[in-house]
Amino acid sequence: MIVNVLLLLVCTPILAQTTDEPGYTISPNIPITDNGDHAIRLNQIGFYPTASKVAVIVSSKPAPAFYLIRHRDETKVFSSKLAETRPTELSKEPTQTADFTTFQTPGTYRLVVPGIGTSYPFVIAPDVHRGLTKAVWKGFYFQRASTALPERYAAVWHRAAGHPDDSVVIHPSAASATRPVGTVIKSPRGWYDAGDYNKYIVNSGITMGTLLAAYEDYSALLDTLALNIPERTNTLPDALDEILWNLRWMLTMQDPADGGVYHKLTNARFDGMIMPAAAHTPRYVVQKGTAATLDFAAVMAQASRVLRPFKQLPGLADSCFQAAELAWQWAQQHPREVYDQAALNNRYDPDIVTGGYGDRDFADELIWAAAELYTTTQKVEYIQLIKLFPDRKNPLPSWAQVRLLGYYTLARHAQRLPDYPGKENVTMRIIKVADELLRNYDQRSYHMVMGATAKDYLWGSSSVAANQGIALIQAYRLTQDQKYIAAALSNLDYLLGRNSTGYCFVTGFGSFSTQHPHHRPSIADGVRAPVPGLLAGGPNPGKQDKAEGCTYGPDTHAPDKAYLDHDCSYASNEIAINWNAPLAYLAVALEAYYTGGKK
């Protein structure tokens, strides 16, 4: 049955919600009285009372001033001058800045620029991003494989179970003496990786590492975050329950005979735009690889540390640690097992043409795995076996580059860890990354860290913004310098609407947000509104999907505007668990800071 839902989902603290709901609600869009609102770019959810509050006005007609009105009665409550017009660094659009940081009264407001327009409504509140935080974490629930999502927990996005993964075939590339070609194994649970229905260890690695780090850093808030998931009545925090859904799948991807880890569980080809329950093509596990095995080792070592205090999970921490050690040993014996999908397809049938996640440089995976094992065991030999600083580079985390995850862990636990060679350099490197991000960010047209160069805009640029935020949060935790918090918040503002496209990139939030993500359930479920709490990929000047029939508009030539809200656009509008994870971290960190948990 097709369900008609009002297109826009508006999230504000003034909407009625129960404590166990994820924070969004189905609601008609709050009416806008001026059709010029899209010219005013701001965080469409709102602002913390004591934090920076900035909007950017895009118009060829300079305006002298702006004012705020209370939403319920249009009473003017604040006014100030606009900054001088200046072009944006990349798209060269004329912009002016409205700064209303000094206005701190909680409530719902709109920003008015005479002669240009009226903004979407926004909220000022001490916990303004609590609903967002809950929904982004619950976004992982909507990606669960091997289970039905009942209406009680999934609202109009409920669906039947798909991909039980109880009859997964060993692909010829993954065959071994104990598991020959055609062997059938069980590998249920896990999260669908992105807009497709496959499950990839490499991408689960960075996702799980980020979420587990969020729990290590902000357990006090996450322990109270009620997500309305089926496990809600048990004694574990909902955030950990959700993490466990993917962790238990990952454990099934290790060959118990030798400790190696299969690269992915996948169809031979992508499913069509159908619901999970309608997908019945054969599923395979494919080649064991060094990257997958080291990522697995890192996650399991970290999970064993995080889960050990929970007596409700008898034996699980031990099982995770044993799996981590076995994986580490396999990787030491197989240091160059590259997953090369083209080469694999030249040798074996059936061909596998789903996401490759191929990587040839394993130095970063070694650093991450060694850091997690060392932190869990305090055995310095893990660090001594690797080059902790193989070069001067400190790239932001991505599925192919995870060394900073290892540095974050070493810095997080530095006080309790024995000394090791280079210990003092870890903190220095993290702060250096953050300081490079800070350079002149408040002098840019949008007053944000994201977009310092065109290189920030790549496939999954939204995750670049979120991971920049995490790097800044890590620097704050090391220094207690609030400048890093302010800069991190600027990138959350970017993701929620203060950007060159004007979109809020989180489904289900804001008044002008992503409505047509490249996400099979959102396309096939018959519900007009997309599955909520998912982060769209964001501007990507590569436009790799253009050859597939996607037509980008004439205003998308600049890197920061290369975005298309259409389900054909897998290059700019897909969702992915490794993009949701850094947003989940960033949101919970900022909520913790601004609601009093400032550690």
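One-based numbering along the sequence shown.
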Query raised in the report: Would you call Tyr407 and Ile367 a side-chain contact if the rule is heavy atoms closer than 4.5 Å?
Result: yes

Going by atom type alone, with no hydrogens or angles, which donor-acceptor pairs under 3.5 Å involve a side-chain atom of residues 437-444 and a protein atom two or more places apart or on another chain?
| residue | atom | partner | partner atom | Å |
| --- | --- | --- | --- | --- |
| Arg444 | NH1 | Met448 | O | 3.1 |
| Arg444 | NH1 | Val449 | O | 3.0 |
| Arg444 | NH2 | Arg439 | O | 2.7 |

Could you tell me if His263 and Glu337 have a donor-acceptor pair between their side chains, going purely by distance under 3.5 Å? no

Within a reach of under 6.0 Å around CZ of Arg416, are more than 12 heavy atoms found that belong to other residues, nucleotides or ligands?
yes

Looking just at side-chain N and O atoms, do Thr376 and Arg305 make a donor-acceptor pair shorter than 3.5 Å?
-> yes

Salt bridge (charged side-chain N to carboxylate O under 4.0 Å, His left out) filter on Asp435, not counting sequence neighbours, yields none

Residues Glu231, Arg144: salt bridge by 4.0 Å N-O rule: yes

Interatomic distance, NZ@Lys423 vs CG@Leu388, rounded to 0.5 Å, equals 12.0 Å

Ignoring hydrogens and geometry beyond distance, is a side-chain donor-acceptor pair present between Thr354 and Thr266 at under 3.5 Å? yes

Check your understanding: Leu244 and Leu316: side-chain contact (heavy atoms from CB on, under 4.5 Å), yes or no, with the steps?
Key -> CA-CA 10 Å; Leu244 285 173; Leu316 184 56; 3.6 Å; yes

Note to self: For the aromatic rings, using the six-membered ring if either is Trp, is the centroid distance between Tyr192 and Phe142 under 6.0 Å?
What the structure shows: no

message = Counting only heavy atoms from other residues, nucleotides and ligands, does the tally under 6.0 Å from CZ of Arg336 exceed 12?
response = yes

task: Verify, without hydrogens or angle tests, whether Ser204 (side chain) and Ile201 (backbone) share a donor-acceptor contact under 3.5 angstrom.
output: no

Rounded to the nearest 0.5 Å, the OG1 atom of Thr375 sits from the CG atom of Leu410 at a distance of 5.0 Å

For Thr101 and Ala51 the tightest heavy-atom approach is CG2-O, 3.6 Å

Heavy atoms of Ser461 and Gly538 approach each other most closely as OG-C, 3.3 Å

One should read off an interatomic distance between Ser463 OG and Leu586 CG, to the nearest 0.5 angstrom, of 12.0 Å

Residues 379-389 vs side-chain hydrogen bond (donor to acceptor under 3.5 Å, both in side chains), sequence neighbours excluded, gives Glu325-Tyr382

Would you tell me whether Asp217 and Tyr585 have side-chain atoms, one donor and one acceptor, within less than 3.5 Å of each other? yes

So OG1 of Thr207 and CE of Met250: to nearest 0.5 Å the spacing works out to 9.0 Å

Practice problem: Compare all side-chain heavy atoms of Asn198 with those of Leu265 and state whether any distance is below 4.5 angstrom. | Solution: no

NZ of Lys53 to CG of Asp493, rounded to nearest 0.5 Å, is 10.5 Å

Between Ala327 and Phe296, the two heavy atoms sitting closest are CB-CD2, 3.7 Å

*Does the separation of the ring centres of Tyr48 and Tyr593 fall below 6.0 angstrom?*
no

- Query: Under 3.5 Å, is there a donor-acceptor pair between the Asp560 and Thr88 side chains?
  - Reply: no

Do Thr133 and Glu591 have a side chain donor and acceptor closer than 3.5 Å?
no

Note to self: Between the side chains of Asp361 and Arg403, is the shortest nitrogen-to-carboxylate-oxygen separation below 4.0 Å, so that they form an ion pair?
What the structure shows: no

* Going through the checks in order, is the side-chain hydrogen bond (donor to acceptor under 3.5 Å, both in side chains) test met by Ser445 and Glu89? -> CA-CA 7 Å; Ser445 55; Glu89 291 76 12; 2.7 Å; yes

Just checking, is any N or O donor in the side chain of Gln474 or Tyr476 under 3.5 Å from an acceptor N or O on the other one? no

Minimal heavy-atom distance between Ala194 and Glu574, with the atoms involved, is CB-OE2, 3.4 Å

Contacts of Arg429 meeting salt bridge (charged side-chain N to carboxylate O under 4.0 Å, His left out) (sequence neighbours excluded), chain-then-number -> none

Here the gap from Tyr457 atom OH to Ser462 atom OG, rounded to the nearest 0.5 Å, amounts to 9.5 Å

*Quick one: does Asp295's side chain get under 4.5 Å of Trp399's, heavy atoms only?*
no

With sequence neighbours left out, the residues meeting salt bridge (charged side-chain N to carboxylate O under 4.0 Å, His left out) with Arg283 are Asp165

- prompt: Can you find a pair of side-chain heavy atoms, one from Val299 and one from Trp368, that are under 4.5 Å apart?
  reply: yes

Between Tyr262 and His171 (judged by ring centroids, cut-off 6.0 Å), do the two rings come close enough to count as a pair?
no

Query - From CA spacing to verdict: side-chain contact (heavy atoms from CB on, under 4.5 Å), Asn234, Asp241 - result: CA-CA 9 Å; Asn234 70 17; Asp241 278 318; 2.9 Å; yes

Is there side-chain contact between Trp249 and Ser187, with at least one heavy-atom pair below 4.5 Å?
yes

* Asked: Judged by modelled atom types alone, do Asn43 and His129 share a side-chain donor-acceptor pair under 3.5 Å?
  -> yes

Contacts of Glu365 meeting salt bridge (charged side-chain N to carboxylate O under 4.0 Å, His left out) (sequence neighbours excluded), chain-then-number -> none

Smallest heavy-atom separation, Ile352 atom then Val286 atom, equals CG1-CG1, 4.0 Å

**Study point:** Beyond-backbone contact of Tyr563 with Asn540, side-chain heavy atoms, under 4.5 angstrom
**Key:** no

Tightest non-hydrogen contact, residues Ala145 and Arg189, listed as CB-O, 3.7 Å

Could you check whether Asp193 and Tyr357, counting side-chain N and O atoms only, form a donor-acceptor pair closer than 3.5 Å?
yes

TODO: Please report the C-alpha distance between Leu294 and Val261 in whole Å, then the side-chain angles of each, then the deciding distance to 0.1 Å, and finally whether the side-chain contact (heavy atoms from CB on, under 4.5 Å) criterion is met.
DONE: CA-CA 9 Å; Leu294 285 170; Val261 178; over 6 Å; no

- Query: Can you check side-chain hydrogen bond (donor to acceptor under 3.5 Å, both in side chains) on His519 and Gln143, steps first, answer last?
  - Reply: CA-CA 10 Å; His519 178 240; Gln143 291 295 98; 2.7 Å; yes

- Message: Between Lys264 (side chain only) and Gly355 (backbone N and O only), is there a donor and an acceptor less than 3.5 Å apart?
- Response: yes

| request: Establish, yes or no, whether the cationic atom of Arg477 lies under 6.0 Å from the six-membered ring centre of Tyr218 and within 45° of the ring axis. | output: yes

Do Thr427 side-chain atoms and Glu424 backbone N/O form a donor-acceptor pair below 3.5 Å? no

Check: Tyr494 ring centre within less than 6.0 Å of Tyr446 ring centre = no

Using side-chain heavy atoms (C-beta onward) and a distance below 4.5 Å, is Tyr141 in contact with Asp238? no

Within the 4.5 Å heavy-atom criterion, are Ile430 and Tyr408 side-chain neighbours or not?
yes

**OP:** Could you give me the CA-CA distance, side-chain angles and deciding distance for Trp330 and Gln254, then say whether side-chain contact (heavy atoms from CB on, under 4.5 Å) is met?
**Re:** CA-CA 11 Å; Trp330 187 93; Gln254 184 176 46; over 6 Å; no

